[in-house]
Amino acid sequence: MPGLGERRRGRSCPRSRIVLTWAVSLACAAASVVVGAMAGGRAYVVTSVIVVLCAIAPFFVIFESRRPQARELVMLAVMAALAVAARAAFIWLPGFKPMAAIIMIAGLAFGPSSGFLVGSLAALTSNFIFGQGPWTPWQMLAFGLCGLVFGALARRGIVTGENPGVAARLGLAAGGGIFVVLVAGPVLDTSSLFFMISSITPESVVAVYLAGFPMNCMQGAATFVTLLLVAKPLLDKLTRMQRKYGMLD
Amino acid sequence: MALFALEHLSFAYPGAATGALDDVSVEVGRGEYLCVCGKSGCGKTTLLRQLKSVLTPHGTRSGAVLLDGTVLDEVPLATQARRIGFVMQDPDAQIITDRVWHELAFGLESTGCEESALRLRVAEMASYFGIGDWFHRDVCELSGGQKQLLNLASIMAMQPDVLVCDEPTSQLDPVATTTFLDTVRRINRDLGVTVIMSEHRLEEVFACADHVLVLDEGRVTAQGTPREVAAALHAAGDAMTFALPSPVRVYYGVEGVEPRQREDARDEFQESEGILSIGSRNGARQSEFRSDWFGVAEPQSEDCLSSDVPRPAIFPCPLTVREGRKWLVERVLADPPARVAMADEGYGMDGREMAVEMREVWFRYERNAPDVLRGADLRVPSGSLFAIVGGNGSGKSTLLKCLCDVARPQRGMLRVLGHDIKGRSRNDPTHGDVAMLPQDPANLFSKGSVREELAEMATREERIAAVARDCGIERLLDAHPLDLSGGEQQRVALAKVLLTEPRLLLLDEPTKGIDAFFKRSMAALLRTLAERGVTVVMVSHDVEFCARHADLVALLFDGAVVTTATPRRLFSDSAFYTTAANRMSRSVFAGAITDEDVIELCLG
Amino acid sequence: MRPDAFSTHHPAVTLVFFAGVIVLCVLVQQPVLQAVGFAGGAVYYLCLRGRDAWRLLLGLMAAFVVLTAINPLFDTLGDTVLFAYLGGRPYTLEALAYGASTACMFASVMTWFACYARVMSTDKFTYLFGNRAPALTLVLTMTLRLVPTYGRKARQISTARRCAGLSMGAGSLRHRARDGASLLSALTTWALEGAVTTADSMRSRGYGTNAGRRPRYARYRFGARDGLLLVVMLACIAVTCTALATGALAVTYVPAIDVPALPPLGVAALIALAVLVLVPSAIDAREAIAWRCSLSST
């Protein structure tokens, strides 16, 4: 299934502009690395945040420059809010966080760049509610990646959203779980590495990621269960929306 | 030149066999108040959405919509956004931003208003609508009524020439409805803004409209001034007469529409400026409607008219309770009826088993929260249709939650179907004997079709088929639940609830957002259930519905039951919290609470 | 809740302040300045939250101890070996001191972020970025409205389903997960229906019809006092940064602890940082005094 949101947009951003945006952001990141290295001390902590922001910003800049339509804005907001609020649906399972799963579903439905936006906006919003911290940029990146990667997979037809068999559903759910354990979770843990650990040595790196591992496994399990249970119905609902209102088309 | 003109407008949704609108022509002058009415599904929303290009649904259209003589689609969207304000049904989903002040400014920001003018307009609207107090609030904290007023204010900030409202009050309670409609009326009168309003509750709108348009299956069945339309609908024996305000219905029920007069009326109306057009309905259907709907009143009224009592020539049809009262007094003076009181049949409580017994029940939601129920006593006999009425915040919904065991009283005794609710586990087998239909039926829907929804509740095919038949939703089984109209959703939700085979059925505002026709079938269904031994307890703001259909009514105030009585007793004792028919007739008749009561006494 | 006096300043001033303070707290390694940075944050947080502030502050103190203590486990550099473990792995004083420095940075950053969350409301955030990124801030605004709406709706649906005789959140984990999925499914259906209306409402109010710059209802005005405050803050930040860049605040922890006495520029930086971090608390205190005086004079 092609990304629902990718077919027509308010206005598409010219390719040259996309390349330029990424080039500028890459240059910024490189410059901050150089300055950080020269400054020494703990400047690398600031550098790391700048690099993360440079990875997020181009998605935002490109989105902004193509003047998206009302429906696209609403769909992003709805999916991001659902990702944050979905926790309320699983209130009887303490610690169960379905956020990553919903973002992946959004990615499957709307494609990579919208998926990234949903993920990073959801992370930002949830931090507005539960408190901002130095981890905010990393969370935006980690959850953005969930949407981005699953959007890209859907586009290349690796994961099909429509009429998946049991194997495909299990595959999707397992893929989501593994992604959280191996990619999204560790990205989040990286913020602790920079802000809480003085000396970045092989031991401290291993310790930080190992400390985060049980939590990431829980998150991964929640993602697996959520994807298994709701991926199909939610994607069906999004497709129905498109049919009934031409909403995403 | 008219502000808006529809010329032979027809519209069909893609893939639909019949058109949603069929040859609709209407003109709306500047400063006019147009009321569009009709059964749900008659095409009101479709019609109103033709009045703004961005809201027009996909489909095939013929005919023209003219704004100031220009074809609407050629008017730039920015101009349309500014000149045509549109208020939709759902108070919540129409809101865009998270703060009240931002919401007020949104339209102006979008259309590119100058910043200094923007501040002024926002300030102006906040003052006009009395929003000052909640200007900085989160929209989530507002009540439904406040949200809808905010939507209205946000649109008025753009200073539109015409305000289109699509059933704006269907999700509001009566108090909020009155506030909203009064505000619209004030906007119409004070600011001269043209209003086009569609409503299914005509009690308040009908009288203040300059022009009424009645739609049925996409066609105009009548249009003209409210009085002309009332006359035309009665003359045609249209089923829409049910939705008309009480004074109008009583008037025609009593005065009747003579066949001769009817012909005259039609000619006369058609001559008058040519604005009245009665859809050519076939005669057979007309008479069918008449015998159906006026089974009682009609023959008697004809008798009356043919009697030799001199009659004030033609007293104009009353539209409001005030006019109705005046007319009724004159009518009664001219022709004193045989009886002036309706007897209270009573409802025997003695010896009946009680489905619900509640004594001195106190409840609050949180430890430090105020008490919501404050010593409530309630006795509901088995197999009765029991209504609980009361204002906002009187504890009605909480009381239902207690009966349903999702809220446990902190103090007091509560027995439901003979079981004391205290110390009962939630997995008790008797738990399934009580079921509640939520206020918003969509809360029960999570599947892709009605069939799947029903299958979620029961596995036996025959049982599902039987309940679907009872609720009249057999032909809807393959539809998506959210594609259905409010009334249909209500029935599907009710079917879901009935599949648990409850012995006590609880209903939270069963008539909210439902038109007069669905209300009747709902009442019939509830009566059938009660006859089968199911006890039905409903909480409702709808006094008319309770008066007409309930066996017993309890009035709840400040967390306690003030009184329980038959509707006739309760509503004829109160002067404000009662039906329009009672308010209209209380100076001349005793105990008349429905339109039929008043008609019966007048003609008796 | 009434905002404190500092919060009533223009959002740009607030943002510059927090960004400056947090970045400085990260960069500064001089122990005295680090302590000042943390103390300023703690005082302001106490101004904001009163007695409730202690929960966070005590938690951070505990975190400080733990983070300090674990650093020598990862970092064995340092001349002064306190003790050896695991067959001779050294636990050094220098690594402990460096750990304390990082832990102090962490505690300061957390405290200042906690203050930031109180002061920088979503309104201010969206106001600041509204000009630059109108579409994104609008999405954020909408999301912020929808999250509590969906939470409430989820509770309503759950109650409705329970009252209609459907099980909700009882039984085995599997059942609970399944109930949660049904609830989420119902919530999504409802949310998507609402989305159509919201999009219609936006277009109906002219969203997208104006090709030029999007004007805004400006809730905040940049007044003289904001300008003054901004100048003072930028000056303080500039002094501290200069000191940092010229090495006036240079210290080393490993392999040997070397904390030289502050040169004049270092002292200036200390004063500047102290002024900067105490600005919000001072503004609050001034207002409190002004109120007390006006009360006693009447």
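Throughout, protein chains are lettered first and strands after them, A, B, ... in sequence-line order, and every chain is numbered starting at 1.
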**OP:** Please check if the distance between the ring centroids of Phe363(B) and Tyr365(B) is under 6.0 Å.
**Re:** yes
**OP:** Output the option from Gly194(C), Gly208(C), Pro134(C), Gly206(C) having the highest count of non-hydrogen pairs under 4.5 Å with chain B.
**Re:** Gly206(C)
Original post:
Quick one: what part of Thr143(C) sits under 4.5 Å from any heavy atom of chain B, side chain, backbone, both or neither?
Top reply: neither
Subject >> Heavy-atom pair count under 4.5 Å with chain C, highest-scoring of Val87(B), Leu104(B), Asp98(B), Thr79(B) >> reply: Asp98(B)
Original post:
In terms of heavy-atom proximity below 4.5 Å to chain C, should Glu103(B) be classed as side chain, backbone, both, or neither?
Top reply: both
Original post:
Is it the side chain or the backbone of Ala191(C) that comes within 4.5 Å of chain B heavy atoms, both, or neither?
Top reply: neither
Subject >> Sole candidate of Glu453(B), Glu456(B), Glu452(B) that passes side chain to side chain contact (heavy atoms under 4.5 Å, CB included) when paired with Phe445(B) >> reply: Glu453(B)
Original post:
Out of Ile95(B), Asp90(B), Leu400(B), Leu437(B), which one racks up the most heavy-atom pairs below 4.5 Å with chain C?
Top reply: Ile95(B)
Original post:
What residue in Ala93(B), Gly448(B), Ala78(B) has the most heavy-atom pairs under 4.5 Å with chain C?
Top reply: Ala93(B)
Original post:
Checking heavy atoms, do the side chain of Asn151(B), its backbone, both or neither come under 4.5 Å from chain C?
Top reply: both
Subject >> Any donor-acceptor pair under 3.5 Å from Lys496(B) side chain to Leu444(B) backbone >> reply: yes
**OP:** Determine yes or no for a side-chain-to-main-chain donor-acceptor pair under 3.5 angstrom, with Thr189(C) supplying the side chain and Ser185(C) the backbone.
**Re:** yes
Subject >> Partner chain C: residue of Leu77(B), Thr97(B), Leu505(B) with the largest heavy-atom pair count (under 4.5 Å) >> reply: Thr97(B)
**OP:** For chain C, find which of Ile155(B), Asp92(B), Val139(B) contributes the most heavy-atom pairs closer than 4.5 angstrom.
**Re:** Asp92(B)
**OP:** Might you confirm whether atom CZ of Arg132(C) has over 12 heavy atoms from other residues, nucleotides or ligands at distances under 6.0 Å?
**Re:** no
Original post:
Relative to chain C, which segment of Cys113(B) carries a heavy atom at a distance below 4.5 Å: side chain, backbone, both, or neither?
Top reply: backbone
**OP:** Under 4.5 Å heavy-atom distance to chain C, tell me which part of Arg119(B) shows up: side chain, backbone, both or neither.
**Re:** both
Original post:
Any sub-3.5 Å donor-acceptor pair from Asp226(C)'s side-chain atoms to His10(C)'s backbone N or O?
Top reply: yes
Original post:
Can a salt bridge be assigned to the pair Glu141(B) and Arg99(B) using a cut-off of 4.0 Å between side-chain N and carboxylate O?
Top reply: no
**OP:** Identify which part of Leu108(B) has an atom lying under 4.5 Å from any heavy atom of chain C, answering side chain, backbone, both or neither.
**Re:** backbone
**OP:** Sort Val122(B) into side chain, backbone, both or neither according to what part of it lies under 4.5 angstrom from a heavy atom of chain C.
**Re:** side chain
Subject >> Per-residue contact mode, Leu183(C) against chain B (heavy atom under 4.5 angstrom) >> reply: neither
**OP:** Please confirm whether the backbone N or O of Leu72(B) pairs with a side-chain atom of Gln80(B), one donor and one acceptor, at under 3.5 Å?
**Re:** yes
Original post:
Is a salt bridge present between Arg216(C) and Glu115(B), judged by a nitrogen-to-oxygen distance below 4.0 Å?
Top reply: no
**OP:** Using atom types as modelled and distance alone, determine if a side-chain donor or acceptor of Lys396(B) lies under 3.5 Å from a backbone N or O of Met538(B).
**Re:** no
**OP:** Give the member of Pro438(B), Ala493(B), Ala105(B), Gly112(B) that has the highest number of heavy-atom pairs under 4.5 Å with chain C.
**Re:** Gly112(B)
